[in-house]
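Since the structure is predicted, the reported quantities are computational estimates derived from the model, not experimental observations.
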Amino acid sequence: MTRLLKTILIAHKLHLHYPKCIFRPLLSHYSATADSSEADLTHKPTNETTTTGWSRYGNIYAHPVVQQSDRSDGDENPSGLRGNDAAVMKKKEKVKALWVCSDCGHTTGRWWGTCPECDVTGTMQEFHVSKLTGESRGGLAITDDAVGSWLPRRPEGLRLVKLEDMQRGFNHDKWRIPLSGSLGNEISTVLGGGLVPGSLTLVGGDPGIGKSTLLLQISAMIANKCSDDETPPVVYVSGEESLEQICARADRLGIKSNIYLYSSTDIEDILRKTHGLSPCALVVDSIQTVYLNTVIGSAGGIKQVKECTAALMRFAKTTNISVILIGHVTKSGEIAGPRVLEHIVDVVLYMEGEKQSAYRMLRAVKNRFGSTDELAVLEMSQSGLQVVSNASEMFLTHQHSDSNVLAGLAIAVIMGGKRTFIVEIQALCLTRSPVSSSQSYGIHQTKANIIKCVLIKQAGLHLQDNAVFLNVVGGFRVTEAAGDLAIAAAICSSFLEFPIPERTAFIGEIGLGGELRMVPKIDKRVNTVAKLGYRMCVVPKEAEKLLETEGLEEIKVVGCKDLKEVINTVFSRVIVN
């Protein structure tokens, strides 16, 4: 009891000296602190302030904090905290939170609802950076430091060069690396004429679509072309497979070229080994599996993918070695990682197709050295990817004239670069469907809904109570507006339960008013279907006069102004009945 009263008296004295401060709970340890409180009070430093807070007992407590200006550089505990409090505070000071945009890679120290750099909403993601390893370095710094001993240096007297001087000594015919064979010619067309030395190419696609097979075959093409040189032609690096697995795939594809294989995920190690061989090309499978030791985060993270790509880009530009990367894709079909990844590279290729189907399509969505309109149609076989000879008819099924089973089928004419594709679109209209909403595969759902609403409003079809299902045969994706008329014709055929006459094609864009609009290269489209033996082609009215001079005697070109006229022309027999 005596100690308790003494403790209360000491607390009262402290309160008289520091009326605005609140102190640690004394009831829990009054016996241990009562004797030392007066000594602590008399020797209290004058340069300390206090921060206040409440304890769970309702008592008052204080944390002394040393002024910032009085801290010593060599003091290990400048905050004045003792024991575990100082250790926790010191640990917290070593972690920094950053917010990174998943689209453009912009980094900021605070959260934003909309990225300040790309103005996209909901893309800022938080991650924590530890300061234990010191300041992190980017891909460019890594390339200079890790392989700086062999990187060619810029001359000190670097000067500006006239464009005409560069063009005078530039040989366009021998600049690119050609790819041999029919498959090589098809891929070269997509690339714009061949592989460019010192370029950085990114190949994306769904898992199992055939990206690794494609790049192994491309490596063999380059190796066959460079077989007469003394330097190794290509280096194939895999971070996902062992050397034995790569060798097994090469045996299955019948590849016996001079390809150097290496299995690693360390970018610094890969670049050192590659430069020592001075190859024509470097293949990395994949960018999501490699990492830099000095960059925070695991392989495949936003920071790692960005900095590894930057290091490979610097390597390609400095050494004039072509680098080809494999990139994984997300559920939405985009390359995994920050959107800035696609901005860094020179060429972005996408490989598309259904896993159940043998057909694959390779298209360029970005190409600094050529057009992005080209499309390569390939077929997966036991010996690898091969070129499809009759690509124009690969998306068709065998039709039977006047078959009620085939109601809902329509033929669209789609352009893929310089190539024309005849695509079959299937539609199914179902009343009282067990599925609540319409669905489509190969056609954007928004486009399908717009065409359905136009048919209801402008053509007078009672599709309100029908669920409409759309499918494109062969896994082809119709993104061009020229396929609108074929989609509408397929829906009308299924709804009216009347098959479209055999060998009839549809070309045209549909406006919200139900009118038919012109599409580019309509003369080439009509000539293609005429050569394939089609008897009738429905086109916009304004294209009818344009096609009169083409000499199309073997095919009947029917021009229509709107959807009502199309229905009256194609489905005239069912309307009369």
Taking Met351's backbone N and O only, do any of them form a donor-acceptor pair with Arg360's side chain (distance below 3.5 Å, no angle check)?
no
Q: Verify side-chain contact (heavy atoms from CB on, under 4.5 Å) between Ile267 and Tyr291, making sure each step is shown before the conclusion.
A: CA-CA 6 Å; Ile267 282 291; Tyr291 67 92; over 6 Å; no
Quick one: do the Ser383 and Gln386 side chains pair a donor with an acceptor below 3.5 Å? yes
Interatomic distance, SG@Cys453 vs CD@Gln464, rounded to 0.5 Å, equals 9.5 Å
On a heavy-atom basis, the closest approach of Leu455 and Ile491 is CD1-CG2, 3.8 Å
> Strictly by modelled atom types, are Ser440 and Gln445 linked by a side-chain donor-acceptor pair under 3.5 Å?
Replying inline: yes
Checking side-chain polar atoms at under 3.5 Å, does Ser286 have a donor or acceptor matched by the opposite partner on Glu240? yes
Ala459 and Leu563 have their tightest heavy-atom pair at CB-CB, 4.4 Å
Practice task
Output, in order, the C-alpha distance, side-chain angles, deciding distance and verdict of side-chain contact (heavy atoms from CB on, under 4.5 Å) for Leu200 and Leu325.
Solution key: CA-CA 8 Å; Leu200 184 60; Leu325 309 177; 3.9 Å; yes
| field | Polar contact flag, side-chain donor to acceptor under 3.5 angstrom, Asn367-Thr372 | value | no
Are any of the side-chain nitrogens in Glu544 or Lys541 under 4.0 Å away from the carboxylate oxygens of its partner? yes
In this structure, CD of Gln217 is separated from CG of Leu378 (nearest 0.5 Å) by 9.0 Å
Would Arg419 and Asp373 pass as an ion pair if we require N to O under 4.0 Å? no
>> Between Arg503 and Tyr534 (side chain of the first, backbone of the second, donor and acceptor by atom type, cut-off under 3.5 Å), is there such a pair?
In response: no
If we only count heavy atoms from C-beta on, is the Leu485 to Ile507 side-chain gap below 4.5 Å? no
Output for pair (Ser357 OG, Phe476 CZ), nearest 0.5 Å, gives 12.5 Å
Do Cys560 and Val538 have side chains that get closer than 4.5 Å, going by heavy atoms? yes
Review point. Is Glu515 salt-bridged to Lys564, cutoff N-O under 4.0 Å?
Key: no
Between Thr201 and Val345, does a side-chain contact (heavy atoms from CB on, under 4.5 Å) hold up when you go through it step by step?
CA-CA 6 Å; Thr201 304; Val345 301; over 6 Å; no
(request) Using modelled atom types only, decide if a donor and an acceptor are shared between the side chain of Asp562 and the backbone of Glu565 within a distance under 3.5 Å. (result) yes
Lys452 side chain to Ala488 main-chain N or O, any donor-acceptor pair under 3.5 Å?
-> no
To the nearest 0.5 Å, atom CE of Met361 lies from atom CD1 of Ile209 at 8.0 Å
Polar side-chain atom of Ser493 near backbone of Gly408 as donor-acceptor pair, under 3.5 Å: yes
Nearest heavy-atom contact between Ile324 and Leu195 is CD1-CD2, 4.0 Å
Quick check: are there more than 12 heavy atoms from other residues, nucleotides or ligands sitting under 6.0 Å from CH2 of Trp112?
-> no
Checking side-chain contact (heavy atoms from CB on, under 4.5 Å) for the pair Val557/Val539: CA distance, chi angles, key distance, verdict? CA-CA 7 Å; Val557 179; Val539 298; 3.6 Å; yes
Exercise. Heavy atoms, side chains only, cut-off 4.5 Å: are Met518 and Leu546 in contact?
Worked result: yes
Problem - Worked verdict on Asp285 versus Ser212 for side chain to side chain donor-acceptor pair (under 3.5 Å) - result: CA-CA 7 Å; Asp285 183 9; Ser212 300; 2.8 Å; yes
Val100 side chain reached by Met124 side chain, heavy atoms, under 4.5 Å: no
| request: Kindly indicate whether the side chain of Val329, heavy atoms from C-beta on, has any atom under 4.5 Å from the side chain of Asp206. | output: yes
message = For the residue pair Thr114 / Asp119, report whether a side-chain donor-acceptor contact shorter than 3.5 Å exists.
response = no
Between Leu216 and Ile255, the two heavy atoms sitting closest are O-CD1, 3.7 Å
Rounding to 0.5 Å, atoms CG (Leu385) and CG (Leu362) come to a distance of 9.0 Å
Any salt bridge linking Arg525 with Glu480? Criterion: basic side-chain nitrogen under 4.0 Å from a carboxylate oxygen. yes
Scanning both residues in full, the closest heavy-atom pair of Ser494 with Cys429 reads OG-N, 2.8 Å
Tell me whether Arg363 forms a cation-pi arrangement with Tyr350, defined as NZ or CZ under 6.0 Å from the six-membered ring centre and within 45 degrees of its axis. no
Under 3.5 Å, is there a donor-acceptor pair between the Ser263 and Ser238 side chains?
no
Would you call the rings of Phe571 and Phe498 parallel, tilted or perpendicular, taking 30° and 60° as the class edges? perpendicular
_Within the 4.5 Å heavy-atom criterion, are Phe495 and Val468 side-chain neighbours or not?_
no
Any side-chain heavy atom of Lys317 within less than 4.5 Å of one from Asp346?
-> yes
In short, Lys366 meets Glu342 closest at the heavy-atom pair NZ-O, 2.9 Å
- Query: Is there a donor in the side chain of Asp465 and an acceptor in the side chain of Thr431, or the other way round, less than 3.5 Å apart?
  - Reply: no
- Would you indicate whether Glu554, at its atom CD, is surrounded by more than 12 heavy atoms from other residues, nucleotides or ligands within a distance under 6.0 Å? no
### Message
Is any side-chain heavy atom of Asn471 closer than 4.5 Å to one of Leu428?
### Response
no
d(Gln288 CD, Thr265 OG1) to nearest 0.5 Å is 13.5 Å
message: Please check if the number of heavy atoms outside Lys256 that lie under 6.0 Å from its NZ is greater than 12.
response: no
